[in-house]
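Heads up: the structure comes next, in structure tokens.
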Amino acid sequence: LFARGDPIGAIVLLAGERHGPFEPEDLPLAEDLARLVAAAVDTARLYRRAQEAVAARDEFLSIASHELKTPLTSLILHTDGLRAAARRGAAAQVASKADLIRRSADRLTRLVASLLDISRIGAGRLDLEREETDLADIAREVVDRFAEEAQRAGCEVRLDARPAIGLWDPLRLDQVVTNLLSNAIKYGAGAPIDVSVGVRGGRAIVSVRDRGIGIGEADQRRIFQRFERAVSERNYGGFGLGLWIVRQIVEAQGGVVRVESAPGEGSTFTVELDVAVRPPAADETRPPRPSP
């Protein structure tokens, strides 16, 4: 059975004793039957894929509308509060509301960036701007950035960062560590989180360990897929894209990402990258990355 030039199966025809052996004139009938069956099987597969795509689209739109609505609602409420506090001349309340607005805006920015990454990765346009990068510096920046959020969640983030230098895209690796640490804070149940960076066996290692709700073995095999999650979307927000984006970025730079976890015992996400550094070719030379 062939569909669009690819083999998809086979039909075996058996002749009974009363029928006798097949004759050459039976072959065209068998070939016609095979073509019809192949077309039916291919059509059924395409229909199933279309149904799955529609279901995935509807689920994503439902999640996206909820996730985008949450920070937007917060922005509106805090903006109204900011205006009211400004009219009263309450400087302390103005500053507090401004901080809340900034956090909501930052969350909205991250959500929009995730949506853009879906488009880029799906179109094969995940551009990498490689330069000599120390993973330890990236980890320190991300941990400092999340200090306030970790404090609000009651998590102590402990960092052990040793030099790990390679030719990577620093902005994309920042995104990897950001997603992993953000997840650790979200699912870490207020327990300490350990972030470590180093080199072992010629590979750069980044590890983020939490002591939270953990992940079952069956879920570990699917959490790196698009729109997949191991928890209910009602209890935890997000698109279910973070780990999928992490895997795409890491694999695009020749690395691997894995998880070790058990329910109730926390999770450890580990990223491994090759530390080999080569001088960039002339056509790869780019101006310095602007400061954020």
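- Cluster membership check: L243 does not share its hydrophobic cluster with V256, using side-chain heavy-atom separations under 4.5 Å among Ile, Leu, Val, Met, Phe, Trp and Tyr.
- With a 6.0 Å radius and a threshold of 12 heavy atoms from other residues, nucleotides or ligands, R200 has its CZ atom at or below the threshold.
- In this structure, the side chain of W168 does not engage the main chain of L128 through any donor-acceptor pair within 3.5 Å.
- Within the 4.5 Å cutoff, the side chain of L180 has heavy atoms near those of the V271 side chain.
- The side-chain heavy atoms of S207 and T268, taken from C-beta on, include a pair separated by under 4.5 Å.
- For the pair Q253 (side chain) and D169 (backbone), a donor-acceptor distance under 3.5 Å is present.
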> How far apart are the C-alpha atoms of F269 and N179, what are their side-chain angles, what is the distance that settles it, and do they pass the side-chain contact (heavy atoms from CB on, under 4.5 Å) test?
Replying inline: CA-CA 11 Å; F269 286 87; N179 282 339; over 6 Å; no

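- In terms of heavy-atom proximity, A3 sits nearest to A38 at CB-O, 4.4 Å.
- Minimum interatomic distance between P263 and G216 (heavy atoms only, all atoms of both residues): CG-CA, 3.8 Å.
- Side-chain atoms of Q220 come within 3.5 Å of backbone N or O of I215 as a donor-acceptor pair.
- Across A150 and I185, no two heavy atoms sit closer than the pair CB-CD1, 3.9 Å.
- The local environment of CD in E251 is crowded, with over 12 non-hydrogen atoms from other residues, nucleotides or ligands closer than 6.0 Å.
- The pair R162-D160 meets the salt-bridge criterion, with a side-chain N (NZ, NE, NH1 or NH2) lying under 4.0 Å from an Asp/Glu carboxylate O.
- Across V275 and G202, no two heavy atoms sit closer than the pair CG2-O, 3.4 Å.
- Each of I205 and L181 belongs to its own hydrophobic cluster when Ile, Leu, Val, Met, Phe, Trp and Tyr are linked at side-chain heavy-atom distances under 4.5 angstrom.
- One distance of note links CD1 of I193 with CG of D210; it measures 6.0 Å at 0.5 Å rounding.
- Residue pairs meeting the side chain to side chain donor-acceptor pair (under 3.5 Å) criterion with at least one partner in residues 39-48, sequence neighbours excluded, are R4-D42, Y47-Q51.
- With a 4.5 Å cut-off on side-chain heavy atoms, L273 and L173 count as touching.
- Hydrophobic clustering places L13 together with I8 (ILVMFWY residues linked when any side-chain heavy atoms are closer than 4.5 Å, directly or through intermediates).
- Crowding of E217 atom CD: a count of heavy atoms from other residues, nucleotides or ligands under 6.0 Å not exceeding 12.
- The closest donor-acceptor contact from the side chain of R211 to the backbone of A191 lies at 3.5 Å or more, if one exists at all.
- For the pair S261 (side chain) and G266 (backbone), a donor-acceptor distance under 3.5 Å is present.
- In plain terms, the two heavy atoms of A164 and V197 that are nearest each other are CB-CG1, 3.9 Å.
- Here F22 pairs with H19 under the ring-ring contact (aromatic ring centres under 6.0 Å, His included) rule; sequence neighbours left out.
- Linking ILVMFWY side-chain heavy atoms closer than 4.5 Å, directly or via other members, places L36 and I11 in two distinct hydrophobic clusters.
- Side chains of R140 and D137 form a contact here, defined as non-hydrogen atoms less than 4.5 Å apart.
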>> Show, in sequence, the C-alpha distance, side-chain angles and deciding distance for I245 and Q248, and conclude whether the side-chain contact (heavy atoms from CB on, under 4.5 Å) test is met.
In response: CA-CA 5 Å; I245 292 173; Q248 298 296 323; 5.7 Å; no

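- Looking at T178 and Q175, their side chains never come closer than 4.5 Å, going by heavy atoms from C-beta outward.
- Checked against side chain to side chain donor-acceptor pair (under 3.5 Å), R203 has no partners two or more places apart in sequence or in another chain.
- Taking all atoms of both residues into account, the shortest heavy-atom contact from G212 to A189 is CA-CB, 4.1 Å.
- Remark: E131 CD to L167 CG distance equals 8.5 Å, nearest 0.5 Å.
- Between E129 and R172, the closest side-chain pair of non-hydrogen atoms is not below 4.5 Å.
- For the pair R209 (side chain) and D194 (backbone), a donor-acceptor distance under 3.5 Å is absent.
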